[in-house]
Student: 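Please find one structure pasted underneath; my questions will follow.
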Protein chains: 2
Amino acid sequence: MSGIELNELEALDIWRRAMVAGVRADAPDLSARQMALLLTVYLRPPPHTVRGLAELMKVSKPAVTRAVYRLSELQLVRRKADDSDRRSVLIQRTVRGSVFLREYAELIIAAARGETEADAGGLPPRY
Amino acid sequence: MSGIELNELEALDIWRRAMVAGVRADAPDLSARQMALLLTVYLRPPPHTVRGLAELMKVSKPAVTRAVYRLSELQLVRRKADDSDRRSVLIQRTVRGSVFLREYAELIIAAARGETEADAGGLPPRY
DNA sequence: CGCCTTCGTTACGGTTCCGTAACTTCTAGG
DNA sequence: CCTAGAAGTTACGGAACCGTAACGAAGGCG
């Protein structure tokens, strides 16, 4: 889909900048699984079910249930009963989640450009 | 340093692919902080101390101590007493850590290109 | 030598998350 | 109907991690 070419050092340094920025940020820090789930819900075509997400990420269903609970608590996703099969629960996007991910994307883009709050703010000597 | 230009969707989809791959992988799943720490040790010029890393990531020193313990348990980093100041501990790279990050870099690069094990392996319909 | 500061670790209480197993609700097939 | 199976949740015991606070070891300096 995208088609960006990077070398190893570029790739890792982008990752590092975004990762460190993420850790420092006041934003609710999501676990790797929660983040993976959130991104999947927003970037892959619906519908998204607990079962499907669990298989995709190769984790247990309860883990997905918990992640969805946490994310919906933060209002980053929404749960809705499936009318055609009421055993299923559809995990859907929210406005807040869209905003959150848009900001996260900016963070990654800034990292890819070589910017970071820390770098911008100075702090040259040891770190 | 790098200078890559991405748009939001590209950035997020790269992140998603790498994140999902990371969650599924058999690799020891590191927390965001552990990963940020590991990347910093390998990509920023030494020396690296507990204090310095804690300040950089804006977390408590014990958090760094624990992360270093966990990472050295996995042999991804190494602890060495500083001879010039024996209160300090220097966190250093290891062969295994280099290999690990090289593989991780490949994962990101593949994601940036638009590849994924899942995509390559088929699995077209719902996910 | 004493005193004070710094570095890193350990102790502690609390939070979050995990996977297995049991359970509820619903669908589908005979 | 009624039973077999599937989807999701809850219960439970255990593991990992956090930050504050207390602590031991080491350096700096009068």
Side-chain angles (χ1 to χ4, degrees), chain A residues 19-20 22-38 40-41 46-74 76-92 125-127, chain B residues 19-20 22-38 40-41 46-74 76-92 125-127:
Chain A
M19 216 69 180
V20 170
V23 168
R24 311 172 96 187
D26 311 318
D29 54 50
L30 307 176
S31 73
R33 295 176 175 201
Q34 288 165 352
M35 194 61 187
L37 197 154
L38 183 63
T40 299
V41 169
H48 300 289
T49 63
V50 172
R51 180 72 164 175
L53 292 167
E55 280 174 7
L56 172 67
M57 304 200 301
K58 299 225 188 298
V59 299
S60 65
K61 282 191 296 173
V64 173
T65 295
R66 283 186 296 260
V68 169
Y69 175 81
R70 173 86 174 115
L71 291 175
S72 67
E73 200 177 36
L74 297 169
L76 299 178
V77 301
R78 196 161 56 96
R79 301 153 48 86
K80 181 178 181 308
D82 184 343
D83 289 326
S84 67
D85 181 347
R86 285 204 303 232
R87 289 173 303 179
S88 284
V89 171
L90 303 178
I91 292 94
Q92 303 180 321
R126 191 141 158 181
Y127 284 109
Chain B
M19 216 68 179
V20 170
V23 169
R24 326 166 86 181
D26 314 316
D29 55 49
L30 308 175
S31 72
R33 292 176 176 200
Q34 287 165 352
M35 193 62 188
L37 196 156
L38 182 64
T40 299
V41 169
H48 300 289
T49 64
V50 172
R51 178 73 163 174
L53 293 167
E55 279 173 7
L56 173 68
M57 305 200 300
K58 296 221 188 304
V59 298
S60 65
K61 283 192 297 173
V64 173
T65 295
R66 284 187 296 259
V68 169
Y69 174 80
R70 173 88 173 113
L71 291 175
S72 67
E73 198 177 36
L74 297 170
L76 299 178
V77 301
R78 196 161 56 94
R79 301 152 49 88
K80 183 177 179 311
D82 184 343
D83 289 325
S84 67
D85 181 348
R86 285 202 304 230
R87 289 172 303 177
S88 284
V89 171
L90 303 178
I91 292 95
Q92 301 180 322
R126 194 141 158 179
Y127 283 110

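Side-chain atoms are counted along with the backbone in the values below, which use heavy atoms only and exclude waters and symmetry mates.
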Student: Let's test your reading of the model: under 3.5 Å, does the base of dT6(C) pair with the side chain of R87(B) as donor and acceptor?
Tutor: yes
Student: Checking side chain to side chain contact (heavy atoms under 4.5 Å, CB included) for the pair Q92(A)/V41(A): CA distance, chi angles, key distance, verdict?
Tutor: CA-CA 7 Å; Q92(A) 303 180 321; V41(A) 169; over 6 Å; no
Student: Looking at every strand, decide which applies to R66(A) at a 4.0 Å heavy-atom threshold: base, sugar-phosphate, or nothing.
Tutor: base
Student: Would you indicate, yes or no, if dG8(C) has its OP1 or OP2 atom less than 4.0 angstrom from a side-chain nitrogen or oxygen of T65(B)?
Tutor: no
Student: Return yes if some donor-acceptor pair links the side-chain N/O of Q34(B) with the main-chain N/O of S31(B) below 3.5 Å, else return no.
Tutor: yes
Student: Report the residue (R86(A) or V59(A)) whose heavy-atom-nearest nucleotide on DNA chain C is the more 5′ of the two.
Tutor: V59(A)
Student: Would you say dT9(D) has OP1 or OP2 under 4.0 Å from some side-chain N or O of R79(A)?
Tutor: yes
Student: Report yes if a side-chain nitrogen or oxygen of S31(A) is closer than 4.0 Å to either non-bridging phosphate oxygen (OP1 or OP2) of dC17(C); otherwise report no.
Tutor: no
Student: In whole angstroms, how far is the P atom of dG8(C) from the CG atom of L53(B)?
Tutor: 9 Å
Student: Which nucleotide in the list dA21(D), dT9(D), dC17(C) gets nearest to the side chain of P62(A)?
Tutor: dT9(D)
Student: I would like to know whether I91(B) and T49(B) meet side chain to side chain contact (heavy atoms under 4.5 Å, CB included); could you show each step before the answer?
Tutor: CA-CA 6 Å; I91(B) 292 95; T49(B) 64; 5.5 Å; no
Student: Measure the distance from CD on Q34(B) to C1' on dA15(D) and round it to the nearest whole Å.
Tutor: 13 Å
Student: For R33(A) and for D85(A), find the nucleotide of DNA chain C with the closest heavy atom, then tell me which residue's nucleotide is more 5'.
Tutor: R33(A)
Student: To the nearest Å, how far apart are L74(B) CG and dA16(D) C1'?
Tutor: 13 Å
Student: Check this for me: K58(B), atom NZ, are more than 12 non-hydrogen atoms of other residues, nucleotides or ligands nearer than 6.0 Å?
Tutor: no
Student: Roughly, in whole Å, what's the span from CD in E73(A) to C1' in dT15(C)?
Tutor: 13 Å
Student: Look at the side-chain N and O atoms of R51(A) and state whether any lies under 4.0 Å from the OP1 or OP2 oxygen of dG5(D).
Tutor: no
Student: Mind calculating the distance between CG (D83(B)) and P (dA26(D)) to the nearest angstrom?
Tutor: 13 Å
Student: Could you state the NZ-C1' distance from K58(B) to dG19(D), rounded to the nearest angstrom?
Tutor: 16 Å
Student: Regarding S88(B), tell me which of base, sugar-phosphate or nothing describes its non-hydrogen contacts under 4.0 Å with the strands shown.
Tutor: sugar-phosphate
Student: Provide, to the nearest angstrom, the distance between the CG atom belonging to D82(B) and the C1' atom belonging to dA25(D).
Tutor: 14 Å
Student: Given atom NZ of K61(B) and atom C1' of dC23(D), what is their separation to the nearest angstrom?
Tutor: 12 Å
Student: Between dT20(D), dT9(D), dG8(C), which nucleotide gets closest to the side-chain atoms of S60(B)?
Tutor: dT20(D)
Student: Roughly how far, to the nearest 0.5 Å, is NZ of K61(A) from CG of L53(A)?
Tutor: 12.5 Å
